[in-house]
Amino acid sequence: MEAEVYKYLAAGLAIGLGAIGSAIGEGMIGSKALEAIGRNPETSGKITPLMFVAMAVTESTAIYALVVALIILFG
Amino acid sequence: MGLNISLAPEVIFHIGSFPITNAFFVSIFVTVIVLAVFLLIANRFQTVPTRFQALVEILFEEAFDFVESIIGNREKAKRIFPLVFTMFIFILFANLLTYIPGQAAVTLKTEEGVMPLFRAAMADYGVVFMMTMVSVILMQIVAIAVHGPFGYLGKFFNFKGPLDFFLGLMDIVGEIAKIVSLSFRLFGNIFAGEVLGAVMLFLAPYFIPLPFMFLGLLTAFVQAFVFSVLTLVFISMASTIEEDELVEEASI
C-alpha cells in the first residue's frame with residue numbers, strides 16, 4: 001500500500017477510536033442531567049448550563065483525536 | 001472540483017514583511033464591529049431604554065448574575081466579568097460571522113492565487129492560542145496574588161512526602177494540559193464544523209448541509225459559552241483558598 005492510504009487509515013482510526021470514550025461519557029452526562037430535570041423540573045435552568053460545561057470537558061479527548069486526524073489529513 | 005481545506009490561514013496581503021492572514025483580518029474586523037455597536041449603545045444611553053438597549057441590558061444583567069452565581073462573590077464577579085464577557089462576545093461574533101450568507105464569496109486576488117477574505121477566525125490555531133494564553137497566564141497571576149509567591153510554588157514542589165511530591169509534579173502537568181485542552185476544544189470544534197460543512201456541501205449540495213449548519217450554529221454559541229465559563233471556573237478555582245490551607249494557617 002502507498003503512504004497516502006496509510007494516512008487516510010490513520011486519520012480514520014484516530015478519530016474512530018478516540019471518540020468511543022467521550023461518546024460514552026457524554027451519553028451518561030446527558031442521561032443523568034435529563035433524569036435530574038425529570039425529577040425536579042424547576043432546576044432545569046441551573047442544570048442545563050452545567051451540563052453543557054461538563055459535556056465540553058468530556059468532549060475534549062475526542063477533540064484531541066479529531067485535531068490529530070485533521071492534522072494528518074490536511075496538515 | 002476538489003475540496004479546498006487548509007489548516008493554516010491564507011495570507012491575503014503584507015504590511016512591510018508582516019503577513020496579514022485572513023484570520024487576523026477577521027479578528028480585527030469583528031473587534032471593530034463589536035466596539036462600534038457597543039460604543040453606540042453606551043453613547044446613546046437613555047433612562048427609558050429603546051428596544052435594542054433593553055435587549056443589551058438584559059444580556060449584561062443575565063450574564064453578570066450567571067458569573068456571580070459561579071464565582072460566588074459580587075466583588076470578585078465585578079473584577080472578572082469584563083474579561084470573561086468580552087471573550088464570550090468576541091468568540092460568539094467571530095463564529096457567527098461565518099454564517100452570514102455571501103461572505104464566503106468575497107475573495108481577494110493575490111500573487112499566490114485567489115484567497116477568501118473571510119474565514120472563521122477561531123478555525124485558526126494562532127488566534128485561539130493567544131486567547132488561551134491570556135486566560136492561562138491570568139490564572140497563574142491570580143493564583144500568585146492570592147496564595148503569595150511561596151504558597152504558589154509550594155503547591156507544585158511539596159516535600160511533605162513522596163506521594164505529595166509526585167502529586168505536586170502532576171499539578172505542573174495539569175497546568176500545561178489546561179493550555180492544550182482549552183485551546184484545542186475551541187479550535188477543534190470550529191474547524192471541524194467548517195470541514196463538515198465543506199464536505200457535506202461537496203457531497204450533496206444545497207439542502208443536505210442545512211441540518212449540519214444548524215448544528216454549527218449551536219456549536220458556535222456553546223463553544224463561546226464553554227470557553228468563557230471554563231476560564232471563569234479556572235480563575236475562580238485559582239482565587240479560592242482551599243480549606244486545608246485555612247486550617248494550616250489557623251494552626252500556625
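Proteins come first, then strands; the chains are lettered A, B, ... in the order of their sequence lines, and each starts at number 1. Owing to the predicted nature of the structure, the values given are computational and were not obtained by experimental measurement. Scope of the values below: all heavy atoms of this structure, side chains included, with no hydrogens, waters or symmetry mates.
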- Side-chain heavy-atom pair A/Tyr64, B/Val180 within 4.5 angstrom cut-off: yes

Would you give the length of the straight line joining atom [atom1] of [X] to atom [atom2] of [Y], rounded to the nearest 0.5 angstrom?
X: A/Phe52; Y: B/Gln223; atom1: CZ; atom2: CD; answer: 10.5 Å
X: A/Lys46; Y: B/Phe66; atom1: NZ; atom2: CZ; answer: 11.0 Å
X: A/Ser60; Y: B/Asn189; atom1: OG; atom2: CG; answer: 10.5 Å

Tell me whether [X] at atom [atom1] has more than 12 heavy atoms from other residues, nucleotides or ligands lying less than 6.0 Å away.
X: A/Tyr6; atom1: OH; answer: no
X: B/Phe38; atom1: CZ; answer: yes
X: B/Phe129; atom1: CZ; answer: no
X: A/Met28; atom1: CE; answer: no

- Task: Mind listing the closest non-hydrogen atom pair of B/Phe191 and A/Leu70 along with its distance?
- Result: CD2-CD1, 3.2 Å

- Exercise: identify the closest heavy-atom pair between A/Leu66 and B/Ala192: CD2-CB, 3.2 Å

- B/Val222, B/Ile70, B/Val233, B/Val229 screened by side chain to side chain contact (heavy atoms under 4.5 Å, CB included) with A/Val53, the one that passes: B/Val229

- Item | Region of B/Tyr125 in contact with chain A, defined by heavy-atom distances below 4.5 Å | neither

- Query: Does B/Arg185 use its side chain to pair, donor to acceptor, with the backbone of A/Ile63 at less than 3.5 Å?
  - Reply: no

- Task: Just do the side-chain contact (heavy atoms from CB on, under 4.5 Å) check on A/Val57 and B/Val226 with the steps written out, would you?
- Result: CA-CA 9 Å; A/Val57 172; B/Val226 162; over 6 Å; no

